Amino acid sequence: VFFLFLDRLDCRKVAAIKANRLGESFLRSNKNTLWMHVLPARHIESNHVRGKGDFHCGWNRLIVEQLEQSTGDSFRFVEVGASLGGCSWRVLTSDDRAFALAVEPYKPAADAMRRTAFENGLA
């Protein structure tokens, strides 16, 4: 019960992604921080973002490798079942050539992604 109470104390709706987690191109062209909107409740991805200041994306290494190997003028990425869009945000903040489409049927999560995009100039 005590830990459930502590978990409720940190249910911020917006969390900062640490600058060392963002790509150089994002840092050069934008701010030093990406403000990510999360769900105001216990939620695995929201808790990860709030607690670690990093995107919740299990494919980080694979995405970075694909971006580095990409030789075209653009890099297109589709994330289906995106939740809060952790992998899409990783791609968009890593390379200027990146375009991402995140598909999420859960309206509160989709709304959080939209707010993140607008607030950070990525919409």
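Just so we're clear, the structure is a prediction, and the values are computed from it rather than from any experiment.
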Is there side-chain contact between [X] and [Y], with heavy atoms separated by less than 4.5 Å?
X: H48; Y: K52; result: yes
X: H37; Y: M113; result: no
X: T93; Y: F55; result: yes

Kindly give the heavy-atom pair with the smallest separation between [X] and [Y], and that separation in Å.
X: A102; Y: A82; result: CB-CB, 3.7 Å
X: S46; Y: L39; result: OG-N, 2.9 Å
X: V38; Y: R12; result: CG2-O, 3.2 Å
X: L34; Y: N120; result: CA-OD1, 3.5 Å
X: A19; Y: N32; result: CB-O, 3.3 Å

To the nearest 0.5 Å, what is the distance between [atom1] on [X] and [atom2] on [Y]?
X: R28; Y: L22; atom1: CZ; atom2: CG; result: 12.5 Å
X: H43; Y: H56; atom1: NE2; atom2: NE2; result: 9.0 Å
X: T116; Y: L92; atom1: OG1; atom2: CG; result: 11.5 Å
X: R115; Y: M36; atom1: CZ; atom2: CE; result: 11.5 Å
X: C57; Y: E45; atom1: SG; atom2: CD; result: 8.5 Å

Show me, pair by pair, the donor-acceptor contacts under 3.5 angstrom made by side chains of residues 65-81, not counting sequence neighbours?
residue	atom	partner	partner atom	Å
S70	OG	R97	NH1	3.3
E79	OE1	S88	N	2.9
E79	OE1	S88	OG	2.6

Please list, chain by chain and in numerical order, all residues satisfying side-chain hydrogen bond (donor to acceptor under 3.5 Å, both in side chains) with [X], sequence neighbours excluded.
X: E104; answer: none
X: D96; answer: S25
X: T33; answer: none

Give the other cluster members for V14, using side-chain heavy-atom distances under 4.5 Å between Ile, Leu, Val, Met, Phe, Trp and Tyr residues; answer none if it is isolated. W35
Residues that, via side-chain heavy atoms closer than 4.5 angstrom, fall in one hydrophobic cluster with I44: none
Tell me whether Y106 shares a hydrophobic cluster with V49, the cluster being built from Ile, Leu, Val, Met, Phe, Trp, Tyr side chains joined at under 4.5 Å. yes
Run the side-chain contact (heavy atoms from CB on, under 4.5 Å) test on L122 and W89 for me, step by step, so that the C-alpha distance in whole Å, both residues' side-chain angles and the decisive distance to 0.1 Å come before the verdict. CA-CA 9 Å; L122 296 170; W89 299 126; 3.8 Å; yes
Verdict with reasoning, R90 to D54, per side-chain contact (heavy atoms from CB on, under 4.5 Å): CA-CA 9 Å; R90 170 71 70 203; D54 194 9; 2.9 Å; yes
